[in-house]
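In what follows, every chain begins at residue 1, and chains take the letters A, B, ... in the order their sequences are listed.
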Amino acid sequence: MVFRFICARSTVMCYLSLAYRPMRYSHAFIPTLRDDPADAEVISHKLLLRAGYIRRVTSGVYDFLPLGLRVLRRIESVVREEMNAAGGEELLMPMVQPSELWKASGRWEKYGPELLRFNDRHQHESCLGPTHEEVICDLVARELRSYKQLPMNLYQIQAKFRDEIRPRFGLMRGREFIMKDAYSFHADDADLQREYQNMFAAYQRIFTRLGLKFRAVEADTGSIGGSDSHEFHVLADSGEDLIAHCAVCEYAANVEKAESIRSVPDGEAAELAGVDTPNASSIEEVTAFLSVDAALLIKTLMYQVSGGEFDGKVVAVCVRGDDQVQEIKLLHALNADALEMAADTEIEAVGGVAGFVGPVGINCPVLCDESLRDAIGMIAGANAVHSHLRAVDMGRDVAAVFADLRQTRAGDNCPKCGGAMALSRGIEVGQVFALGRRYTQPLEVCFQAQNGKRETATMGCYGIGVSRLMAAIVEQCHDDAGIAWPLEMAPFHVVLISMGQGEVVVQASQDLYASLQASGLGVLWDERKERPGVKFKDAELIGIPLQVVVGERGLKEGVIEAGVRGGERSSVLLDDAVAEITALAESLRGAVI
RNA sequence: CGGGACGUAGCGCAGCCUGGUAGCGCACCAGUCUGGGGGACUGGUGGUCGCCGGUUCGAAUCCGGCCGUCCCGACCA
C-alpha cells in the first residue's frame, strides 16, 4: 500500500482524482470562521463548521463543502477497499422506496414516524429509505435460483434518511446521512456465522486504518431485528451511547443489553408492616426519612404498554432503589412495541397511588428485576398515600415475573468472569447483525438447495455510518488549534505556505507545488495575499497534517521549512524537499493520534 | 411530544427592562503603512431587527399567535 501510494501515481492519482486533487487556496471554496457558531455544541460540529467542511441546510441536513467531500471520499475509499477485499460487491439502490415492500416485511406499521412517508403524483405511497433490507431482498429474491449462487455480499455507500425526533451534534445525528450498508445471503446459518465473523474482522481493519480508538460491543438489535449483533463504538466523552465493559475479561456490551451481577440486598426477614412516610415519595426522600440504604428499596415504575401480550395495559416494573430501569430490556421482556409512563389516573385504576406505588397488592402484572428475586426485608410503596411497607419478602408477598430489567452500573460484577464492570461513552459508527430469516421469509428470498428442496436464504446486514465517522474522527483527532486529521483521512496531505508575493517565492513555490504533486501527495498551495499568521491558523484549523513553508529568508540560503502540524518545522534544502516531505508523510502513515 | 433558552449584517454579540435616527467586534470593499503565528490606520459596503397581527402619534423594544434554532428529557442506528 505504501509502495503504491508513493510510486504508482498513474493509477492512484487517477483513482483518487477528487480526493487528492491539488488546489490553490485562492481558488478553493474554504469558508473558515473565526468564531464558534453559537448553535454548535460538540467539538466536531464546531470544528467542521468553522473549518469550512459542512454547512447546515435544515434541521439534521448538511451540505458537504469541498473539504468535507474530500474527507468523505477518503473514508469511503478505506471502507470500499476493505469491503472489496472481504468479498463484498458494490451496487447502488434507490433512496425512494415503495410502501409495498415495507408492508411485506411488516415494517410499514412497525417503523414509526422515523420513516418519512409521502405520496407521489399518482398517490402511490412511498418512503425515503432509512435502510435497505426490503429493497435488497426484493432484488435478490428475483434473481436467486440456486444454492450455487450463494453466498453473496452486496453493499452500497449512499444517503439514508431517518426523520429523527431530535437531530443534533451536526454530523453525529443527522436526519440525512451517508452510510455504507452491506447485506449478505447464505444457504444456511453456519455460513451466515462465518460471514458475520468475516465482516466483524473487516470492520476491525477499517476502524484501525481510520486511526480510531474503538471497541466492539454486544448490542441490542433494535428495529432491524435478528439474533446476534455487535456495535462498533468510537470511544469519546461526547458519545451518545453508554457501553459497559469488564475490566478483566473481554465482555463488553451496550447498556441497552449489558448484563451484570450484583449482590442480594441484605434486608432482614420480618413481618410485613406499614410505615408512615409523609411527603416522602422519591427514593431520595424515603431513604432520608427512614435512614436506610437505597439498595433496600423497591423502585416501582408504572408503564403503559403498546404491542405484545400486554397491549393497552398498565404494568408495574420493579428494580432496586439504586438501580435504573433499562427500557430496551423491558421492551424485550414484554415483547412490546412501545412504552410510556402511566398517567396518575391509570395508576389509580389498578389500585396504585402515584408516588407511593409498590408491587404488593397492586392490581396489574408485576415485572421485577432478577436482582430482587430472593430479596427480603425490602421497603416498597404501600399503594396508599404517605405510606410505605417494611420487610417486603419478594417470594412471600409479591407475585411477579422476573427478568433482567436493570441498567448495568459501574462496579457491578461481570456476568462472564465476575470482574468489575466500567462504563464508557461511545459513538456508534458501525453495527453488524445476523438477521436470519426475519426479512428473507416475508420477502421470499428462496433458492433450490443441493437436495432439490426449496429453501429460504438466511441473511446478515452490516452498516457503517460514513458521515458520522467524519465527526467521530474529529472528536478523537483535534486540539485547540483545530482538526488534526490522520494522514489518510486528510483532505490534503500537505499545505504549502508561501510567505509573501515576491517573484522568487512564487517561483520556488510553484515548482515545489508541482513536484510534490508529482510525488503523489495531495497539496493545498496557500498563495493568498494574507499575512503568515492567517495562513498558519487556517492550515491548523482545517487540519492538514504536513506544513511546508517557502519564504524569501530561507530561499536565500537555499532552504524551505517542513514539519508536521502541531510540531516544530525544520529547515530542509530545497533540493531535498520532496524526499524529506515524502519521508515525513511516511512517518505519519498509520500513526494513531 | 414535555421542560428550558434563544432569534438584531456572513460569524460572534450589545440595544429590549424604561417605545423616539439600528449599534459594536470580526469578516468584506478601497487606500496607506506593514510583512514569519488571525497587524495598524483612514474611508466605505452590507440589516424586511424570524414572520403575521395588535397596542401606540411612533415598536427591534410592549401584547398575542405562528415559524425556526439550540439545550435537557422521552425516542432512535
Between [atom2] of [N] and [atom1] of [X], the distance in whole Å:
{"X": "Lys180(A)", "N": "rA77(B)", "atom1": "NZ", "atom2": "P", "value": "17 Å"}
{"X": "Glu340(A)", "N": "rA74(B)", "atom1": "CD", "atom2": "P", "value": "13 Å"}
{"X": "Tyr183(A)", "N": "rA77(B)", "atom1": "OH", "atom2": "P", "value": "14 Å"}
{"X": "Arg107(A)", "N": "rA77(B)", "atom1": "CZ", "atom2": "C1'", "value": "11 Å"}
{"X": "Tyr462(A)", "N": "rA77(B)", "atom1": "OH", "atom2": "P", "value": "18 Å"}
{"X": "Leu116(A)", "N": "rC76(B)", "atom1": "CG", "atom2": "P", "value": "18 Å"}
{"X": "Arg173(A)", "N": "rC75(B)", "atom1": "CZ", "atom2": "P", "value": "12 Å"}
{"X": "Glu231(A)", "N": "rC76(B)", "atom1": "CD", "atom2": "C1'", "value": "11 Å"}

Can you tell me the base-pairing partner of [N]? Count Watson-Crick or G-U wobble geometry only, both distances below 3.5 Å, and say none if there is no partner.
{"N": "rG58(B)", "result": "none"}
{"N": "rC51(B)", "result": "rG65(B)"}
{"N": "rG73(B)", "result": "rC1(B)"}
{"N": "rU18(B)", "result": "none"}
{"N": "rG23(B)", "result": "rC13(B)"}
{"N": "rU42(B)", "result": "rA30(B)"}

Select base, sugar-phosphate, or nothing to describe what [X] touches, counting heavy atoms under 4.0 Å on all strands.
{"X": "Gly502(A)", "result": "nothing"}
{"X": "Glu164(A)", "result": "base"}
{"X": "Ile328(A)", "result": "sugar-phosphate"}

Determine, answering yes or no, if Phe433(A) is stacked on rA77(B) under the 5.5 Å centre rule and the 30° plane rule.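 Ring-base stacking flag not set for Phe433(A) and rA77(B).
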Can you check the distance between [N] and [M], where both ends of the measurement are the [atom1] atom (answer in whole Å)?
{"N": "rG38(B)", "M": "rC28(B)", "atom1": "P", "value": "15 Å"}
{"N": "rA30(B)", "M": "rG46(B)", "atom1": "P", "value": "15 Å"}
{"N": "rC75(B)", "M": "rC1(B)", "atom1": "C1'", "value": "10 Å"}
{"N": "rA74(B)", "M": "rG10(B)", "atom1": "P", "value": "37 Å"}
{"N": "rG12(B)", "M": "rA27(B)", "atom1": "C1'", "value": "11 Å"}
{"N": "rA59(B)", "M": "rG53(B)", "atom1": "C1'", "value": "13 Å"}
{"N": "rG36(B)", "M": "rC49(B)", "atom1": "C1'", "value": "43 Å"}
{"N": "rG7(B)", "M": "rG50(B)", "atom1": "P", "value": "8 Å"}

In chain order, what residues pass the salt bridge (Lys or Arg N to Asp or Glu O under 4.0 Å) check against Lys160(A), with sequence neighbours excluded?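 Lys160(A): salt bridge (Lys or Arg N to Asp or Glu O under 4.0 Å) contacts with Asp181(A).
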Quick one: side chain to side chain donor-acceptor pair (under 3.5 Å) partners of [X], sequence neighbours excluded?
{"X": "Asp479(A)", "answer": "Arg565(A)"}
{"X": "Ser105(A)", "answer": "Glu134(A)"}
{"X": "Glu327(A)", "answer": "Tyr303(A)"}
{"X": "Ser44(A)", "answer": "Glu475(A)"}

Output one letter per nucleotide in nucleotides 35-51 of chain B: B when a protein non-hydrogen atom lies under 4.0 Å from the base, S when only the sugar-phosphate is that close, - when neither is. -BBBB------------
Taking protein heavy atoms under 4.0 Å as touching, what does nucleotides 66-73 of chain B look like 5' to 3' if B marks base contact, S marks sugar-phosphate-only contact and - marks none? ---SSBBB
Assess the pair Phe232(A) and Phe200(A): is the distance between their ring centroids shorter than 6.0 Å?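 They qualify: ring centres under 6.0 Å apart.
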Using atom types as modelled, flag every donor-acceptor pair under 3.5 Å from a side chain in residues 29-36 of chain A to any protein atom, sequence neighbours excluded.
from, atom 1, to, atom 2, distance (Å)
Thr32(A), OG1, Asp538(A), OD1, 3.1

Regarding Glu133(A) and Thr131(A), do their side chains bring together a donor and an acceptor under 3.5 Å, going by distance alone?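 Yes, a side-chain donor-acceptor pair sits under 3.5 Å.
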Side chains of Glu340(A) and Ser306(A): is there a donor and an acceptor less than 3.5 Å apart?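 The answer is no; no qualifying pair exists.
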Parallel, tilted or perpendicular: rings of Trp102(A) and Tyr111(A) (30°, 60°):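 Perpendicular: the ring planes of Tyr111(A) and Trp102(A) meet at over 60°.
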Please compare Pro37(A) and Asp241(A) by the position of their nearest nucleotide in RNA chain B and report the one closer to 5'.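 Whichever sits nearer the 5' end wins; that is Pro37(A).
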With side-chain contact (heavy atoms from CB on, under 4.5 Å) as the criterion, how do Asn254(A) and Glu218(A) come out once you've worked through the C-alpha distance, each side chain's angles and the decisive distance to 0.1 Å? CA-CA 6 Å; Asn254(A) 193 305; Glu218(A) 292 179 18; over 6 Å; no
Pairs of donor and acceptor atoms involving the side chains of residues 542-564 of chain A, under 3.5 Å and at least two apart or interchain, shall be tabulated with distances.
from, atom 1, to, atom 2, distance (Å)
Gln547(A), OE1, Arg569(A), NH1, 2.9
Gln547(A), NE2, Glu540(A), OE2, 3.2
Glu561(A), OE1, Arg569(A), NE, 3.2

For rC76(B), does the base pair up with any side-chain atom of Arg162(A) as donor and acceptor (N or O, under 3.5 Å, distance only)?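 In this structure, the two groups form no donor-acceptor pair.
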